[in-house]
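The basis for the numbers below is simple: all heavy atoms, side chains too, and nothing from hydrogens, waters or symmetry mates. Residue numbers start from 1 in every chain, and the chains themselves are labelled A, B, ... in the order their sequence lines are given, proteins ahead of strands.
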2 protein chains.
Amino acid sequence: MSDKRRITLKDIARELGISVSTASRALNSYSGISADTIKLVKDYAEKHHYVPNSIAVNFRKNKTQTIGMIVPELVHPFFSAVISGAISRANAAGYRLLISQTDEKAKNEILACQSMIGGNVDGLLISIANETTNIDHIQEFLDEGKPVIQFDKFSELLDTPKVITDDFESAYSAVKHLIDQGYRKIAHINGLMAVQNSIDRFKGYKKALEDHGLEYREEWVPHCKSISEGEGLEFAKQLMNLPQRPDAIFCITDLVALGVMNYLKSAGIKVPEQVGVMGFSNWKISEVMCPSLSTVDQHGFKIGAKSAEILLNLLKENSQGNHETYKIETDLIIRESTLK
Amino acid sequence: MSDKRRITLKDIARELGISVSTASRALNSYSGISADTIKLVKDYAEKHHYVPNSIAVNFRKNKTQTIGMIVPELVHPFFSAVISGAISRANAAGYRLLISQTDEKAKNEILACQSMIGGNVDGLLISIANETTNIDHIQEFLDEGKPVIQFDKFSELLDTPKVITDDFESAYSAVKHLIDQGYRKIAHINGLMAVQNSIDRFKGYKKALEDHGLEYREEWVPHCKSISEGEGLEFAKQLMNLPQRPDAIFCITDLVALGVMNYLKSAGIKVPEQVGVMGFSNWKISEVMCPSLSTVDQHGFKIGAKSAEILLNLLKENSQGNHETYKIETDLIIRESTLK
DNA sequence: TTGAAAGCGGTACCAT
DNA sequence: ATGGTACCGCTTTCAA
């Protein structure tokens, strides 16, 4: 294996009988350098395949042209889409993307942040883990003067720009659609109320019920801990066995809706005739389910691209930005599961 | 924006009244340092959240503890799983992962490689784009003495270790299962024969037919260009309208199988009774389809983890490894679409 | 066991 | 227009 050392500025300077600073300035075409010298140095550099050692440059400038990105889960259609959007935007601007995942564990998030700080990323894109309450490890970036953008799942404790789904509006219009379809006893399988998305979707759900004079019952709003297919199935069973049985279920996620659909199928309950089902996220599975699942498209790619864009702008301005919240609009996707 | 500089070794040394070298040695637990000093320094470091500036370390050691990873597509259940496996393995070893995607375009792959080289990654994990024929941009890593691992889609022109699905065996056993179920006229919607995976799956398919004395017809093996749902639908239509109509279809991917199923459903052809359908990859959609789709689980996570592991070992040995091929075994997942 | 200092490869400031 | 040099933060050799 060749371990041929790369040629350095010093080598160039020595060979050409000039100083290192002159060589550096020539290569970067600074003003105040004679055209002759520039040509001399550039020709020599090219001929000998000089490649600047970017570690040294980074070290000196304390910049890496690298952005850190931390998500709870990578194998997840929504987050993959977000990452994809961020990579596209960042790469287009000549930035690299360092990616890590937390599996929703605070411990992993801390490790990831340390690793990112250690990697001297110029800025951070993060969607915080469900488990995270203390946010010192993220605050550290801000303390170092590095911009941070929170997307999707965020903490109010961090003063950073945020890019999020418009959960309230999305939930409202999803539930309104159920009402328009004639459903009257609408349940909502929600997430934990410690997570802002869950809170906002719940608020949208409740407001829609209120605005249309429909009954709200606490027993119709169970809370998932892990947002899993299994929980969807269990809660559907629970809801269907209530004395006051709902005639529609608005699920926090398509995966939960899948569990719900599976239970309803096994119990011989007809969707959408007897019970309407609405998901959230528009994963590919929602299109494939039988009956196909009505849901809300979250535009993950756009969320990622927008987050990266904001970060890149802050990097350019050398600022940490304001604390604005950018809400990315959603699309209601109507399919069979809610069309009575 | 506070710009309080991160605390450095020098700060620690000054505060504790020791020298920088002692502080460094204490933090790295060198032998020849008193336990007291080690404790003193480590406690101080922890208390003040000292994080070594890895650019400086990297600079010094000419290593970045960062691995580059390039995939064709990020929003893809298989590749997400591979990435996830690689991240887990790499992070556990204290390595960071720089990720880029090519959208199957050679041009993007070249850009991604340049960016990775500029980022001074220590090694590269890559699944090459369908479009890629010239591999100079990847060879460059090898020329610089950096190890490269190819996974899933590779080029024989590159002398590197490879981690791949055992496509031949997987295809063979998938087709054998169809035969065992009584299907006799088995079609195969394949990918482009320029891609090794397609070639191997085709070989496995053909060998299974031969071993069981079944007829092979070229018209039964159409080739997808983009491996899409739409192509699956089109080819299914084509196959079903052949005078010699197949009674089973082995698809290159679950997505293609979805298109096939949609066509069969629309044409009123019963699965699995009239036509059996087999996918490949075991995406979530295969479980959700109606009828559920038999398929082959590729263990993407394992492929990613194994690739990272091999790379990490080479990094440790400071070698570029042999040109061994590691085949990751698969699991045949039998569901409704092939159970006559 | 500890300290001093060189040096990694650049950049940029201060002289000339 | 060019050279000299300090310096970024850390590791490591040499001395004490």
* Side chain B:Thr325, main chain B:Lys162, donor-acceptor under 3.5 Å -> no
* How does each nucleotide of nucleotides 10-16 of chain D score, in 5' to 3' order, for protein heavy atoms under 4.0 Å: base (B), sugar-phosphate only (S), or none (-)? -> BBBB---
* To do: On the 0 to 90° scale, with breaks at 30° and 60°, tag the A:His48-A:Tyr44 ring pair as parallel, tilted or perpendicular.
  => parallel
* **Ionic contact status for B:Lys153 with B:Glu104, cut-off 4.0 Å** => yes
* What does B:Ile55 touch in the nucleic acid at a heavy-atom separation under 4.0 angstrom: a base, only the sugar-phosphate, or nothing? -> nothing
* Asked: Looking just at side-chain N and O atoms, do A:Asn313 and A:Glu309 make a donor-acceptor pair shorter than 3.5 Å?
  -> no
* Structure fact -> In whole angstroms, the gap separating P of C:dT2 from CG of B:Leu16 amounts to 12 Å
* **Ion pair check, B:Asp36 and B:Lys39, cut-off under 4.0 Å** => no
* Integer-rounded Å distance: C:dG3 C1' and B:Ile18 CD1 -> 10 Å
* Asked: Atom CG of A:Asp36 and atom C1' of D:dA1: how far apart are they, to the nearest Å?
  -> 11 Å
* To do: Can you tell me the distance, in whole Å, between the CG atom of B:Asn58 and the P atom of C:dG10?
  => 15 Å
* Counting distance only, does the side-chain N/O of A:Thr64 pair as donor-acceptor with the main-chain N or O of A:Asn120 below 3.5 Å? -> yes
* **Centroid under 5.5 Å and tilt under 30°, A:Phe59 to D:dC8** => yes
* Taking CG from B:Asn62 and P from C:dG9, how many angstroms apart are they, rounded to a whole number? -> 7 Å
